[in-house]
Amino acid sequence: MPYKKLWAALALVFVLSFGVLLYYGGEIIQEKPPIPERVVTEQGDVIFTKADIMSGQQVWQRMGGQELGSIWGHGSYVAPDWTADYLHRQLVFMNDYHAQQKYQLPYNQLTEEQQAELKATLKREIRTNTYDAQTGDLIITTLRALTASELGDYYAAVFGDAPEWAVYREQIALPANTISSAADREKLNAFFWWATWSTSTNRLGSDITYTNNWPGEPLIDNEPTSVSLLWSIVSVVLLLAGVGALAWYYAVQRSKEQDDSEHIPEQDPLLQVKATPSMRATMKYFWIVTALIAVQVGLGAITAHYAVEGNGFYGIPLAEWFPYSVTRTWHQQLAVFWIATAWLATGLYIGPAISGHEPKYQRLGVNVLFSCLLLIVAGSMAGEWLAVKGYITSATHNFYFGHQGYEYVDLGRAWQIFLTVGLFIWFFLMARAIWPALKKKGESRHLLTLFLIASVAIPTFYIPGLMWGPQAHLTIVTYWRWWVVHLWVEGFFEVFAAVVIAFLFSRMGLIRTATATATVLFSTVIFLAGGIIGTFHHLYFAGTPIGVLAFGASFSALEVVPLLLIGFEAYENLRHGRAKPWVKRYKWPIFFFVAVSFWNLVGAGLFGFLINPPIALYYMQGLNTTALHAHTALFGVYGMLGIGLMLFCLRGLTGEKEWRTKLLKFSFWSFNIGLMTMGLASLLPVGILQTLASMEHGMWYARSAEFLHTRTMQNLVWLRAVGDTIFALGVVGIVIFVIGLATGRSYKSDVS
């Protein structure tokens, strides 16, 4: 079967897509919100300097950054979005000041006509850009300077230990003295002021703010732009067009495919594979995967509980030792660590299995890499805890060894570098084992080549996480961070998943190698055609130009298109699982692959597109609708795949011994039922109610403790415990089963 056209299409997608990504990277550098050298009053008094703002950003990072509330909508959900919160408090203070000066009454007691007059005055003052690019000065009124001082006192009290804010701190899971230094609290205020200024001040020569009018705020008419609405409509049209085109193409291709069933072997071909020393050495990776799953899910339960009891866990004052920003950091980071570890171990396992070749010192390399992995996990977690707890005070030390403050890339730069090197070592170990098989001519060469491309993309696309420095502009960090989160976690993990599943099935003889190769190449082209440029849908409101919004809306819609056919993929996986009696040995790994297909459609597809169009994300960014997508996509797709791959490798490592699978059946259904219950009973309704509040009152209210601690919202948050408990029971089942493989209790007694 010829593959030249598919390879050419893949190369074209890479060149064009990354060309667009890099071009707009340059545009973002040019059009990002400026950081003024000085913020000065009309009388010349200096309020903040650039050094104050950048130092404040580093203080924010050290306290946990995006793990404790959010900035520009990126971050956690229990504490406020600090930019939306700061903006609203600023506007209320200024309106009341104007009302008292002119009418000797609070703003909310004025007539509609009087309010409209003052609102127009306020809007003009806030949205007019007074930044002087020549001098670097940003000139503000005396009133804005007074407001900054007042809000500085307020945030100093909140982030300090003022007793009058103790209840509020508990509601938003903010420990007292989160920032113990008065000087650091002043710097934090400077950073909050600048980040908020970017959301409320028009770009020079435009009537749209640097963040494309995000967040919604009625007091200054911050509302969705016409461009957001236009490109949202375009994204839906492109989605429908793409779905139609792909369905037609798939129907035509399916009619040409041959039936593979007659070529399925009568005996399990993988039983002929003899485990080499390096393959057996991967067993301990799977013990660690199991342990990390248990710890990660436990941390998730604690983190979720902080939404209703911000300073403890069912009465235990856990936040004194492990505050919300720490547990959320670890919960997210361990998810990536255990999923990646499962995949890395699978690569190390199947390398020698494919070629039948055990390179010299391969087992030593596998063991050294394992030690490095443990050091990275333990070291990065310790550094993050030390930073949040205030034991690391130097901004430089924090950047390299503490907490960077950015979701999914929180670990210090030194640990990031260590991890990057480790990932390349992993690829080297795997590639050298596969190389003898790659040199042989045949259909499998194309699939092996694609497998290696998907594998090398994993360390390569972690490199963008090293592209910013200690005092990098927030917009630039956001741009590169989403290269890691989207292209690494949501992009090439997806490709790796498709390739690995197809590869395993072809090695088992359940599908022709030619069919697997063509299918995976085609799906990779289609997925990356939308997925690479689709990175921009994370950047709509991060100080980026309009072109980012247009490309992001259009191509993120195309990301969903290949997921239409996930139902066919799930059916094929089930069919393979019933092909021959011997395939029953792999029933539960295959069932987890089926779950990957299901959650790809629901978590990545439906819940992803729910928030992707600009008009939707305008109201939903930073709400629990994002958490819904994150949980059902990250665990539902990549977590399920990680467990499936682990079980597949363990099946091979345990030879002909027959498993007791009741625990696997229990865990499989607990995971899926628990995840669905968590999403539909809690995260989705909370997110929808927040969206309605955002549309009616503004983003500040949707994220406020006032709204989130109403009885209805708290009841919905508590409902999450039902799904979480069911899900956690699945983890218990997996842990017991894997321990049973070591002790013998997971094998049927009639098999020695």
Side-chain angles (χ1 to χ4, degrees), residues 29-57 60 71-72 82-102 107 117-156 183 185-215 217 219-222 471 473-476 542-545:
I29 291 173
Q30 297 300 318
E31 299 191 36
K32 65 185 183 296
I35 302 176
E37 293 296 329
R38 302 187 307 168
V39 178
V40 298
T41 66
E42 295 164 327
Q43 291 73 36
D45 297 325
V46 178
I47 307 303
F48 304 121
T49 65
K50 183 176 183 178
D52 294 333
I53 294 168
M54 297 310 301
S55 295
Q57 180 175 316
W60 167 74
I71 295 287
W72 296 348
W82 300 113
T83 42
D85 184 72
Y86 198 106
L87 176 60
H88 186 73
R89 293 180 185 278
Q90 178 186 51
L91 299 179
V92 168
F93 181 88
M94 293 176 70
N95 263 338
D96 280 337
Y97 183 91
H98 283 307
Q100 288 288 352
Q101 290 293 308
K102 190 163 187 177
Y107 179 79
E117 177 191 358
L118 294 186
K119 177 181 174 181
T121 300
L122 178 69
K123 180 179 176 181
R124 186 165 51 250
E125 181 172 358
I126 292 294
R127 294 186 71 105
T128 300
N129 195 329
T130 55
Y131 172 70
D132 187 335
Q134 297 298 318
T135 65
D137 284 353
L138 175 58
I139 303 170
I140 62 174
T141 63
T142 303
L143 175 56
R144 292 194 74 173
L146 175 62
T147 307
S149 176
E150 290 290 325
L151 288 179
D153 292 341
Y154 164 74
Y155 285 108
R185 292 196 288 264
E186 289 179 8
K187 294 173 182 175
L188 180 68
N189 182 49
F191 171 63
F192 280 179
W193 188 93
W194 169 80
T196 303
W197 173 83
S198 303
T199 69
S200 55
T201 298
N202 292 339
R203 294 176 180 270
L204 291 170
S206 172
D207 60 354
I208 297 172
T209 72
Y210 288 102
T211 56
N212 290 319
N213 287 1
W214 190 94
E217 176 52 76
L219 290 177
I220 54 169
D221 293 332
N222 247 19
Q471 290 200 338
H473 192 288
L474 185 60
T475 297
I476 302 301
T544 54

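Positions are given from 1, in the same order as the sequence printed here. Since the model is a prediction, treat every value here as computed from it, not as a measurement.
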Next item on the list: Nearest 0.5 Å please: distance from the NZ atom of Lys119 over to the CG atom of Leu91.
Entry: 10.5 Å

Sequence neighbours left out, cut at 3.5 Å: what donor-acceptor pairs do the side chains of residues 95-102 make with other protein atoms?
from	atom 1	to	atom 2	distance (Å)
Asp96	OD1	Tyr107	N	3.0
Lys102	NZ	Glu117	OE2	2.2

Item checked: Residues which pass side chain to side chain contact (heavy atoms under 4.5 Å, CB included) with Arg89, listed by chain and number, not counting sequence neighbours -> Asp85, Leu151, Tyr154, Tyr155, Tyr168

Notebook entry, point to check: Listed by chain and number, what are the side chain to side chain contact (heavy atoms under 4.5 Å, CB included) partners of Arg38, not counting sequence neighbours?
Noted result: Val40, Val46, Asp137

Checklist line | For Asp153, all residues meeting side-chain hydrogen bond (donor to acceptor under 3.5 Å, both in side chains), sequence neighbours excluded | finding: none

Next item on the list: List in chain and number order the residues that pass side-chain hydrogen bond (donor to acceptor under 3.5 Å, both in side chains) with Thr130, two or more places apart in sequence or in another chain; answer none if no residue qualifies.
Entry: none

Checklist line | Atom pair CD1/OG1 of Ile126 and Thr141 - distance to nearest 0.5 Å | finding: 7.5 Å

Next item on the list: Could you tell me which residues satisfy salt bridge (Lys or Arg N to Asp or Glu O under 4.0 Å) with Asp45, sequence neighbours excluded, listed by chain and number?
Entry: none

Margin query: Using only atom types and a distance under 3.5 Å, with no angle test, would you say the side chain of Trp194 pairs donor to acceptor with the backbone of Pro34?
Written below: yes

Notebook entry, point to check: Can you name the side-chain hydrogen bond (donor to acceptor under 3.5 Å, both in side chains) partners of Thr121, sequence neighbours left out?
Noted result: none

Check: For Pro215, does its backbone N or O pair with a side-chain atom of Asn222 as donor and acceptor, under 3.5 Å?
Finding: yes

Note to self: For the CD atom of Glu31 and the OG1 atom of Thr544, what is their distance to the nearest 0.5 Å?
What the structure shows: 9.0 Å

Next item on the list: Indicate whether any N or O donor in one side chain lies under 3.5 Å from an N or O acceptor in the other, for Ser55 and Asp52.
Entry: no

Check: For the atom pair CH2 (Trp82) and CG (Leu188), what is the distance rounded to the nearest 0.5 Å?
Finding: 8.5 Å

Check: Are the side chain of Asn202 and the backbone N or O of Asn129 linked by a donor-acceptor pair below 3.5 Å?
Finding: no

Note to self: I'd like to check the side chain to side chain contact (heavy atoms under 4.5 Å, CB included) partners of Thr196; sequence neighbours left out, ordered by chain and number.
What the structure shows: Thr83, Tyr86, Leu87, Gln90, Thr199

Note to self: In the structure I gave you, are the side-chain heavy atoms of Pro33 and Thr201 within less than 4.5 Å of one another anywhere?
What the structure shows: no

Check: Which residues satisfy the side chain to side chain contact (heavy atoms under 4.5 Å, CB included) test with Lys32, sequence neighbours excluded?
Finding: Ile29, His473, Thr475, Ile476

Notebook entry, point to check: Do His88 and Val92 come close enough that some side-chain heavy atom pair is under 4.5 Å?
Noted result: yes

Notebook entry, point to check: Between Ser149 and Ala145, is there a donor-acceptor pair closer than 3.5 Å when you use the side chain of the first and the backbone of the second?
Noted result: no

Next item on the list: Report the residues that fulfil side-chain hydrogen bond (donor to acceptor under 3.5 Å, both in side chains) with Lys50, sequence neighbours left out, ordered by chain and then residue number.
Entry: none

Next item on the list: Could you pull out all residues at least two apart from Lys187 that satisfy salt bridge (Lys or Arg N to Asp or Glu O under 4.0 Å)?
Entry: none

Checklist line | From CZ (Phe192) to CD1 (Ile71), nearest 0.5 Å | finding: 5.0 Å

Note to self: Taking salt bridge (Lys or Arg N to Asp or Glu O under 4.0 Å) as the cut-off, I'd like each qualifying pair that reaches into residues 142-151, sequence neighbours left out, listed once.
What the structure shows: none

